[in-house]
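Below is one structure, written out as structure tokens, with a few remarks after it.
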Amino acid sequence: MSFIPQILGSVVHRLDEMISTLWGFVIACAIGLFNFFAGYKVALVVVLTAVIFDGIWGIAAARKQNKFALSELMRDTLKKVGAYGTALVMVMLIENLAFGSHQVASNEGTNTRFVVDIVATVISAVEFWSICGNILIVYPNAVFFRLLKSPLIGEIARKLKMSEDQVKEIFDEQDKKKSDKK
């Protein structure tokens, strides 16, 4: 019985990491609400779509850096689909085993799928965070994504294999060039 608090503690820790910024929290809440109302099928589709978009934007970011990474990114995308798919299917099976396929008494017609919603939300939010980093590499002046620039510095630095200070300098130079043109 002591493993349950460990698992819950791990989930809480990961969620804390993910939502440590305002935008991360907003994104996680929006994805969570969507997954909560949509069910298993949509949770799987949302996760798969997030992984595919991350792969597409990852390829675009690699091309922007004049790197050929198509085969490597495809392997990573297939690994993610396999890993995330396995996690979601296992959580679905465990949740159905624990709660059965019975209906919630107070809300007839709605299956319980709380844990699946949490797992799909965490996966989708993490992938969306990665997508935002890739978009800022490809298109650094994208208005919406510029709002996320400061919290994404670490993500972008990791993707570009640079230090955070170097990425900040690049963004500062771009901002300076943009203001000089005006």
Side-chain angles (χ1 to χ4, degrees), residues 6-21 23-97 113-140 142 144-145 147-149 151-164 167:
Q6 290 174 336
I7 292 170
L8 291 176
S10 178
V11 168
V12 170
H13 176 71
R14 297 285 184 231
L15 286 173
D16 181 53
E17 285 180 355
M18 184 181 68
I19 60 173
S20 64
T21 67
W23 285 107
F25 180 78
V26 169
I27 290 166
C29 288
I31 292 171
L33 284 173
F34 184 75
N35 281 336
F36 181 78
F37 291 109
Y40 290 149
K41 180 180 175 183
V42 175
L44 290 169
V45 170
V46 168
V47 169
L48 181 62
T49 302
V51 171
I52 290 169
F53 278 134
D54 187 41
I56 291 168
W57 282 104
I59 291 168
R63 291 192 63 170
K64 174 90 178 202
Q65 300 169 60
N66 295 320
K67 293 180 182 175
F68 181 77
L70 185 60
S71 60
E72 181 182 340
L73 283 169
M74 287 302 294
R75 279 193 305 272
D76 288 346
T77 299
L78 289 175
K79 288 177 189 175
K80 282 183 186 179
V81 168
Y84 292 157
T86 300
L88 283 172
V89 169
M90 289 307 300
V91 169
M92 287 174 195
L93 292 172
I94 292 167
E95 193 169 64
N96 279 322
L97 181 63
R113 44 178 212 283
F114 178 72
V115 179
V116 172
D117 291 337
I118 290 173
V119 171
T121 297
V122 170
I123 292 169
S124 300
V126 167
E127 288 301 304
F128 184 65
W129 202 249
S130 177
I131 291 166
C132 291
N134 285 325
I135 289 172
L136 277 171
I137 292 168
V138 174
Y139 185 47
F144 171 74
F145 298 98
L147 296 172
L148 301 172
K149 182 174 66 174
L152 283 169
I153 293 290
E155 178 76 11
I156 294 167
R158 185 183 58 77
K159 290 177 182 295
L160 295 176
K161 295 181 173 100
M162 297 178 164
S163 72
E164 290 185 22
V167 173

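These numbers come from the heavy atoms of this one structure, side chains and all, not from hydrogens, waters or symmetry mates. Predicted model only: the values in this text are computed from it and were never measured.
Put simply, the side chain of Lys80 never gets that close to the backbone of Val51: no donor and acceptor are under 3.5 Å apart.
Partner of Thr121 under the side-chain contact (heavy atoms from CB on, under 4.5 Å) criterion, out of Val46, Ile31, Val126: Ile31 alone.
Between Glu127 and Tyr84 the shortest side-chain heavy-atom distance falls below 4.5 Å. Leu136 places none of its side-chain heavy atoms less than 4.5 Å from the side chain of Cys132. Side-chain contact between Pro140 and Phe145 is absent, with no heavy atoms from C-beta onward closer than 4.5 Å. At a threshold of 4.5 Å between non-hydrogen side-chain atoms, the residues Met92 and Leu44 count as touching.
How far CG of Asn134 is from CG of Leu152: 10.0 Å, rounded to the nearest 0.5 Å. In this structure, CG on Leu160 lies 4.5 Å from CD on Gln65, to the nearest 0.5 angstrom. In this structure, Glu155 CD and Ile131 CD1 are separated by 10.5 Å, a value rounded to the nearest 0.5 Å. The structure places CE of Met90 at 12.5 Å from CD of Glu95, a figure rounded to the nearest 0.5 Å. We find the NZ-CH2 distance between Lys159 and Trp57 to be 12.5 Å, quoted to the nearest 0.5 Å.
For the pair Ser124 and Val47, the tightest heavy-atom approach, listed with the atom from each and the gap, is OG-CG2, 3.6 Å. Closest heavy-atom contact between Pro151 and Leu148: CD-O, 3.1 Å. The two residues Ala61 and Ile137 have their closest heavy-atom pair at CB-CG2, 3.9 Å.
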Inset, instruction - Step by step, work out the side-chain contact (heavy atoms from CB on, under 4.5 Å) result for Asp54 and Thr77. - result: CA-CA 8 Å; Asp54 187 41; Thr77 299; over 6 Å; no

